[in-house]
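Data block below; observations after.
From a predicted model like this one, the values you see are computed outputs, not experimental measurements. When a residue number appears, it is its place in the shown sequence, counting from 1.
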Amino acid sequence: MHHQGFRRSDHINEPLSGTLPTLKDAAEDRRFRSIFEQAAVGMAYMDGAGNLQHMNQHFCEILGYEREELLQQGFLAITDPDDVRRDVAYLSSTHASSGTAPCVREIRYVRKDGGFVWVNLTISPVYLINDTLDCFVCTIEDISQRKQLEERLLLSEQQATARFHQLEAIFEAISDGLVVYNTEGQIVRANPAGRNVFMLQSHSDLPPSEHPSRHAMIDENGQPLPLEQTPVMRVLRGEELIGSHTVDVRLRESGFEEVQLNVGGAPLRDQEQQIIGAVCV
């Protein structure tokens, strides 16, 4: 972009219309300069060789350098070493063919203080009317905060996954039977000991109360327990069968020896303290 200065005509009688294009060009030039300097993102332009020619103040602030420092050491000098090759390849390919599309990607730059800043970089080639490459326009947007949040989220997910696998291992290894029920009283999960008690082959099997032909739950006096009085249904109503409140019952299954059980349990609640299931031991 070349600035065309305004010069007062020496010819008094020269038509005013002869000066209007110059006035318009000067106004447009000031407008574009203002847009460049006041943009909310960092803006700069490089020559065809990739050497920085000018940048706005926001560009300098994102990278932590003074304007003169950036002009002296260049753009690639502050690029993360892993990304330099990609930048050089893009500049070379742009010279090789006209009409190259802009390059948009996330990249790290080395700040003056030695730290890194993540930016969303866009490099756009600028061609003259005859398709000759004139320069490159660069914009950078600081996305460090977003990247930090993404990294924390990823770390949190990894930690949650690790905790899940740890709890899975503990759940499966406990020698007591652990059985998890949904709000309908159906088994949704059981460890090996729990499956062994009820002769369950998979986590999706239903609890004994749903198999009256197979199982019968009997109290200490030998009387069949009504469904609503079974330990799991009591827990699903909000009772906590812990400590001295655990329940002794007998499980009778056709063709098998009767099993004596001591059953404890507690309701599972969501963040609003609504019961979403039960766990019984």
Side-chain angles (χ1 to χ4, degrees), residues 106 118 144-281:
E106 295 178 355
W118 275 101
S144 296
Q145 186 174 17
R146 193 198 80 198
K147 296 296 286 188
Q148 290 171 0
L149 290 175
E150 289 176 355
E151 290 174 359
R152 285 201 291 267
L153 178 60
L154 177 61
L155 178 60
S156 177
E157 290 175 348
Q158 292 173 339
Q159 292 173 338
T161 300
R163 286 196 297 269
F164 172 78
H165 289 305
Q166 184 182 43
L167 290 174
E168 280 279 296
I170 295 172
F171 184 87
E172 293 293 315
I174 290 177
S175 58
D176 288 332
L178 288 177
V179 184
V180 180
Y181 298 85
N182 63 17
T183 54
E184 302 300 319
Q186 296 174 326
I187 292 177
V188 294
R189 188 68 195 274
N191 70 350
R195 293 195 297 271
N196 183 61
V197 168
F198 296 126
M199 301 298 179
L200 304 177
Q201 299 301 315
S202 70
H203 300 314
S204 61
D205 282 353
L206 299 178
S209 59
E210 299 293 332
H211 291 294
S213 60
R214 275 187 54 187
H215 301 89
M217 193 166 285
I218 302 168
D219 64 18
E220 292 177 300
N221 300 317
Q223 300 298 315
L225 276 176
L227 176 62
E228 64 274 9
Q229 292 302 315
T230 58
V232 63
M233 291 304 175
R234 290 173 57 183
V235 171
L236 286 172
R237 290 197 298 271
E239 287 189 58
E240 292 190 359
L241 305 180
I242 58 177
S244 60
H245 297 287
T246 58
V247 179
D248 289 325
V249 296
R250 284 181 288 169
L251 189 65
R252 182 178 297 167
E253 182 177 0
S254 177
F256 292 90
E257 185 178 350
E258 187 175 278
V259 179
Q260 182 78 30
L261 299 175
N262 177 259
V263 183
L268 298 173
R269 301 179 185 271
D270 60 17
Q271 293 182 343
E272 284 73 37
Q273 297 303 305
Q274 298 297 314
I275 295 176
I276 58 172
V279 59
C280 289
V281 182

Discussion item. Set out, in order, the CA-CA distance, both residues' side-chain angles and the distance that settles side chain to side chain contact (heavy atoms under 4.5 Å, CB included) for Glu184 and Leu236, then state yes or no.
Written reply: CA-CA 9 Å; Glu184 302 300 319; Leu236 286 172; over 6 Å; no
Practice prompt. Go through Gln186 and Tyr181 one step at a time and tell me if the side chain to side chain contact (heavy atoms under 4.5 Å, CB included) criterion holds.
Written response: CA-CA 5 Å; Gln186 296 174 326; Tyr181 298 85; over 6 Å; no
Discussion item. Under a 3.5 Å distance rule, please check whether Asn191 uses its side chain to pair with a backbone N or O of Leu178 as donor and acceptor.
Written reply: yes
Discussion item. Using a 3.5 Å distance criterion without hydrogens, assess whether the side chain of Arg250 forms a donor-acceptor pair with backbone atoms of Gln260.
Written reply: no
Interatomic distance, [X] atom [atom1] to [Y] atom [atom2] [nearest 0.5 angstrom]:
X      : Y      : atom1 : atom2 : result
Leu268 : Ile275 : CG    : CD1   : 9.0 Å
Gln271 : Ile276 : CD    : CD1   : 9.5 Å
Met217 : Leu261 : CE    : CG    : 6.5 Å
Thr230 : Leu225 : OG1   : CG    : 7.0 Å

Discussion item. Assess whether a salt bridge exists between Glu172 and Arg189, defined as any Lys/Arg side-chain N lying under 4.0 Å from an Asp/Glu carboxylate O.
Written reply: yes
Worksheet item: Charged N to carboxylate O below 4.0 Å: is that the case for Lys147 and Glu151?
Response: no
Practice prompt. Among Arg163, Gln158, Gln159, His165, find the residue that satisfies the side chain to side chain contact (heavy atoms under 4.5 Å, CB included) test when tested with Thr161.
Written response: His165
Write down the atom of [X], the atom of [Y], and the distance for their closest heavy-atom approach.
X      : Y      : value
Gly194 : Val179 : CA-CG2, 4.2 Å
Leu241 : Val263 : CB-O, 4.3 Å
Ala193 : Ser175 : CB-O, 3.2 Å

Item to complete: Determine, stepwise, if the pair Arg269 / Gln274 fulfils side chain to side chain contact (heavy atoms under 4.5 Å, CB included).
Response: CA-CA 5 Å; Arg269 301 179 185 271; Gln274 298 297 314; over 6 Å; no
Worksheet item: Can you find a pair of side-chain heavy atoms, one from Asn182 and one from Ile187, that are under 4.5 Å apart?
Response: no
Discussion item. Test of understanding: with side-chain contact (heavy atoms from CB on, under 4.5 Å), list the residues that count as partners of Ile242, not counting sequence neighbours.
Written reply: Glu240
